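Below: the structure, in structure tokens.
Since this is a predicted model, take the numbers as computed values, not measurements. Residue indices begin at 1 and follow the sequence shown.
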Amino acid sequence: MHRALKWLLVGLFISTLSACGYNDFQTRDEGSKAAWSEVVNQYQRRADLVPNLVKVAQGYASQERETFEAVTRARAAATGIQITPEVLNDPEALKKFQQIQGDLSSALSRLLVVTENYPQLKADAGFRDLQSQLEGTENRIAVARQRYIKSVEDYNVLARSFPTNLTARMMGYNVKPVFTVDNEKAISNAPAINFGK
């Protein structure tokens, strides 16, 4: 009888955890971590491609040393930061990581502009392949970030909704920082295109 009562209490406790959203927090927390891992995976893929891109372009445009050095520095910074699941709950660390990735994107953009000045480079099949892979990587990063943003949204809605917000407070499930960009206001304007210059 005593044993049956013990199992009954355990069953009741488990069903209470499920009803208060505990399992949902576990699922969505893991989901957001997995989505962020995919973002980091795509950033790493880009960082791995950059040395090849620089090497091929450098052979044709050796006098553009400043651009190549900027790309190399940005790539080194991007691969030098360690992102752990705990960093996802630290808004400052997440912001720093995003800034470093933004610096690498900016350096790569300058590199691609440099290549416009070298017709031989644009005609090189190896460079075209790398450029195509880089473009595909940027698209994969965008998709991975979109999935991460959605997973954090689902988690945060659960953490802020009643009655699961009570569980969040009791169990320490804080609202996660969302992915954002530093220059949000600047990029909301359409870029000016002028073929005359």
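For the side-chain hydrogen bond (donor to acceptor under 3.5 Å, both in side chains) test, residues two or more places apart in sequence or in another chain that qualify with Asp48 are Gln44. For Thr167, the side-chain hydrogen bond (donor to acceptor under 3.5 Å, both in side chains) criterion is met by no residue, not counting sequence neighbours. In this view, Gln101 and Tyr43, Arg46, Ala78, Phe97, Leu104 satisfy the side-chain contact (heavy atoms from CB on, under 4.5 Å) rule, not counting sequence neighbours. Remark: Arg28 pairs with Asp154, Tyr155, Leu158 by the side-chain contact (heavy atoms from CB on, under 4.5 Å) rule, at least two apart or across chains. Under the rule for a side-chain contact (heavy atoms from CB on, under 4.5 Å), the partners of Ser151 that lie at least two apart in sequence or sit in another chain are Ser32, Ala35, Tyr148. Looking at residues two or more places apart in sequence or on another chain, you find no side-chain hydrogen bond (donor to acceptor under 3.5 Å, both in side chains) involving Arg73. Here Asp103 pairs with nothing under the salt bridge (charged side-chain N to carboxylate O under 4.0 Å, His left out) rule; sequence neighbours left out. Considering only residues two or more places apart in sequence or on other chains, Val175 meets the side-chain contact (heavy atoms from CB on, under 4.5 Å) condition with Asn156, Ala159, Arg160. Applying the salt bridge (charged side-chain N to carboxylate O under 4.0 Å, His left out) criterion to Glu153, with sequence neighbours excluded, gives Lys150. Ser106 pairs by the side-chain hydrogen bond (donor to acceptor under 3.5 Å, both in side chains) definition with Arg110, not counting sequence neighbours.
The minimum heavy-atom distance between Thr79 and Ala47, with the atom names listed, is CG2-CB, 3.4 Å. Heavy-atom minimum distance, Gly21 versus Thr164: CA-CG2, 4.0 Å.
Two residues are said to be in side-chain contact when any heavy atoms from C-beta on lie closer than 4.5 Å; Lys176 and Asp29 meet this criterion. Residues Arg140 and Arg45 form a side-chain contact, since some pair of their non-hydrogen atoms from C-beta on lies under 4.5 Å apart. Counting heavy atoms from C-beta outward, Met171 and Phe25 have side chains that stay 4.5 Å or more apart.
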Under the side-chain hydrogen bond (donor to acceptor under 3.5 Å, both in side chains) criterion, do Glu135 and Gln131 qualify, and how do the steps go?
CA-CA 6 Å; Glu135 182 184 15; Gln131 195 175 18; over 6 Å; no
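Between the CG atom of Asn174 and the CZ atom of Arg169 there is a distance of 10.5 Å, given to the nearest 0.5 Å. For the atom pair CG of Leu134 and CG of Asn139, the computed distance is 10.0 Å after rounding to the nearest 0.5 Å. Between the CD atom in Glu138 and the CG atom in Leu108 there is a gap of 6.5 Å [rounded to 0.5 Å].
Here Phe162 sits in one hydrophobic cluster together with Leu166; the rule is ILVMFWY side chains under 4.5 Å apart, joined directly or through other members.
Residues Ile141 and Val178 are members of one and the same hydrophobic cluster, defined by side-chain heavy-atom contacts under 4.5 angstrom among Ile, Leu, Val, Met, Phe, Trp and Tyr.
Looking only at distances, no side-chain donor or acceptor of Ser132 sits under 3.5 Å from a matching main-chain atom of Arg128.
Counting heavy-atom neighbours within 6.0 Å of Gln26 CD, excluding the residue itself, gives a total above 12.
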